[in-house]
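Whatever order the structure lists them in is the order used to number ligands and atoms, beginning at 1. In this text the structure is predicted, and so the values were computed from the model without any measurement.
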Amino acid sequence: MKNYKMAIIGLGGMGNWHRELVNEGARFGNKEINNNRLKRLKVCGSFDIAENRQELARKHGITAYKSRKELLEDPDIDIVLIAVPNDLHKPFVIEALEAGKHVVCEKPAAMNSKELQKMINASVKAGKVFAVHQNRRWDEDYLTVKKIYEEQLLGEIHRIESRVHGSRGIPGDWRCKKEHGGGMVLDWGVHILDQALQMIPGRVLKVYATLSHITNKSVDDGFYAELTFENGTVFLAEVGTSNFINLPRWYVLGHNGTAMIEDFSGKGKVIRIMDYSKNDAVPVRTAAGLTKTMAPRTEETIKEDALPVVESDICDFYENFMEVIDGKEKLMVSSDSVMRNMKLMEAVLRSAKKGKPVKFE
Ligand code: NAD
């Protein structure tokens, strides 16, 4: 099996994450990643316009190229990873493909679908593999909800709510700026809308979205998007950056139960109905009224279970990428799926601008 050498353009937060994953394996959050499967891949160098990131490269024993040109002209480099601000993805990806390199690009692939099409065309023309790092397809919380959905563990599922909440506004310099491709639809929508498309089969008929501008006027610092799939499932995707109390990461409603996942750690539970026939409502009396409808169920009619946790390994991404170069596999993150997601993000922005639902597919 062939060994591959990779170089990174943009050794910032995420560029360095890739270096660490590939060269060292690491503990990310609550998970230790064993990178044994990636032994035939090595990050050998990088280029960044910031001197402290060049210094970081040297500290980790990889070549700090003097320029992009020098990096791209190095015949030893097979794969180039692009991990710079979003507006630079298109020119840098095309340049690397034209230099004869296979290319991995950070998400969002591009600023819009027109740019993405040019990048896909360039990879076809160059005959080189181009993949987008949609890494949150490997999130275990998402894969757990996907299993619940596919195996109908709550009966037929009619609504899925997927939220990521923070309270720090938009971090970083370039993420606040429209010209650099800032905003939360491109930054986080790219993950949670993609997860919806990967999970639920069939067309998305309708998209209704609103954007928030609480801490930032030029780009969205949060959004709400409701997708109606042709099988009737409604998927709510919500990102907030001014939320000092978080709502659960996932809330899943089926005919026979509800599942909830609190956060990225995957903590949560499933509650299922055991006996619909039993009329167990003990009315709840409040100071100003009474309700039977909203009365909690009694213990004997429901059952609480642990989540059917699905484990994953992000090393799949690079292993698959190398297998595709070897001609043995198809891309797990296909260009078609990335394009569909890009067009969905455009529909979200279009709906928010119009202030009404828009058709999608
Ligand atoms: P960052 O600001 O930490 O890093 C960007 C780096 O690019 C910086 O070091 C900067 O100096 C460098 N840079 C800027 N212009 C350059 C140029 N012309 N040539 C070379 N280097 C240049 O940002 P980040 O958080 O690492 O984000 C980078 C990319 O990764 C973005 O596209 C972002 O959306 C993506 N990202 C993906 C994930 C994920 O989970 N997949 C997470 C975070 C960021």
Do [X] and ligand 1 have an N or O pair less than 3.5 Å apart?
{"X": "Arg53", "result": "no"}
{"X": "Asn135", "result": "yes"}
{"X": "Met14", "result": "yes"}

His102 and Phe130: aromatic ring centres closer than 6.0 Å?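 No, they do not, as the ring centres are separated by 6.0 Å or more.
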
Trace of the ring pair (Phe, Tyr, Trp, His ring centres under 6.0 Å) decision for Trp188 with His165: CA-CA 10 Å; Trp188 263 100; His165 283 165; over 10 Å; no

Judged on heavy-atom distance to [atom], which of [options] sits nearest?
{"atom": "atom 29 (C) of ligand 1", "options": "Val84, Leu81, Val190, Asp87", "answer": "Val84"}
{"atom": "atom 21 (N) of ligand 1", "options": "Ile49, Asn52, Ile8", "answer": "Ile49"}
{"atom": "atom 32 (O) of ligand 1", "options": "Asn86, Leu11, Ile9, Asp173", "answer": "Asn86"}

Sub-4.0 Å atoms of ligand 1 with respect to non-hydrogen atoms of [X]:
{"X": "Pro85", "answer": "7 (O), 14 (C)"}
{"X": "His133", "answer": "41 (N)"}
{"X": "Gly10", "answer": "7 (O), 21 (N)"}
{"X": "Phe92", "answer": "17 (C), 18 (N), 19 (N)"}

Heavy-atom check, side chain of [X] versus side chain of [Y], under 4.5 Å:
{"X": "Val103", "Y": "Ser123", "result": "no"}
{"X": "Gln54", "Y": "Phe47", "result": "yes"}
{"X": "Tyr318", "Y": "Leu21", "result": "yes"}

So is [X] in contact with ligand 1, going by heavy-atom distances below 4.0 Å?
{"X": "His89", "result": "yes"}
{"X": "Arg68", "result": "no"}
{"X": "Trp174", "result": "yes"}
{"X": "Pro108", "result": "yes"}

Protein residue, atom and distance nearest to [atom], heavy-atom basis:
{"atom": "atom 4 (O) of ligand 1", "value": "Gly12 CA, 3.3 Å"}
{"atom": "atom 28 (C) of ligand 1", "value": "Ala83 O, 3.4 Å"}
{"atom": "atom 3 (O) of ligand 1", "value": "Gly13 N, 2.9 Å"}
{"atom": "atom 34 (O) of ligand 1", "value": "Lys107 O, 2.8 Å"}
{"atom": "atom 6 (C) of ligand 1", "value": "Asp48 OD2, 3.7 Å"}

Salt bridge (Lys or Arg N to Asp or Glu O under 4.0 Å) assessment of Arg37 paired with Asp313: CA-CA 10 Å; Arg37 296 163 64 200; Asp313 186 349; 2.8 Å; yes

Identify each donor-acceptor pair in which a side-chain atom of residues 74-85 lies under 3.5 Å from a protein atom, sequence neighbours left out, and give them as a table.
unit_1, atom_1, unit_2, atom_2, d
Asp74, OD1, Asp76, N, 2.9
Asp74, OD2, Tyr65, OH, 2.6
Asp78, OD2, Lys5, N, 2.7

Check for a donor-acceptor pair, side chain of Ser337 on one end and backbone N or O of Ser334 on the other, with a separation under 3.5 Å.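 Checking the backbone N and O of Ser334 against the side chain of Ser337, a donor-acceptor pair under 3.5 Å is found.
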
Is a salt bridge present between Lys69 and Glu73, judged by a nitrogen-to-oxygen distance below 4.0 Å?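 Looking at Lys69 and Glu73, the cut-off is met.
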
Rounded to the nearest 0.5 Å, how far apart are CG of Asp48 and CD1 of Ile8?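 CD1 of Ile8 is found 10.0 Å from CG of Asp48.
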
Pairs of donor and acceptor atoms involving the side chains of residues 196-208, under 3.5 Å and at least two apart or interchain, shall be tabulated with distances.
unit_1, atom_1, unit_2, atom_2, d
Arg203, NE, Glu230, OE1, 3.4
Arg203, NH2, Glu230, OE1, 3.4

Applying a heavy-atom cut-off of 4.0 Å, say which part of Glu106 lies close to ligand 1: side chain, backbone, both or neither.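 It is the side chain that gets close, since no backbone atom is under 4.0 Å.
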
For ligand 1, the portion of Arg175 having any non-hydrogen atom under 4.0 Å away: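 Only the side chain of Arg175 comes within reach of ligand 1.
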
Taking the six-membered ring of Phe92 as reference, does the NZ or CZ atom of Arg68 fall below 6.0 Å from its centre and within a 45° cone about the axis?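 Relative to the ring axis of Phe92, which defines the angle, Arg68 lies inside both limits.
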
If you count every heavy atom of other residues, nucleotides or ligands that lies below 6.0 Å from Glu32 atom CD, does the total exceed 12?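 Above 12, so yes.
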
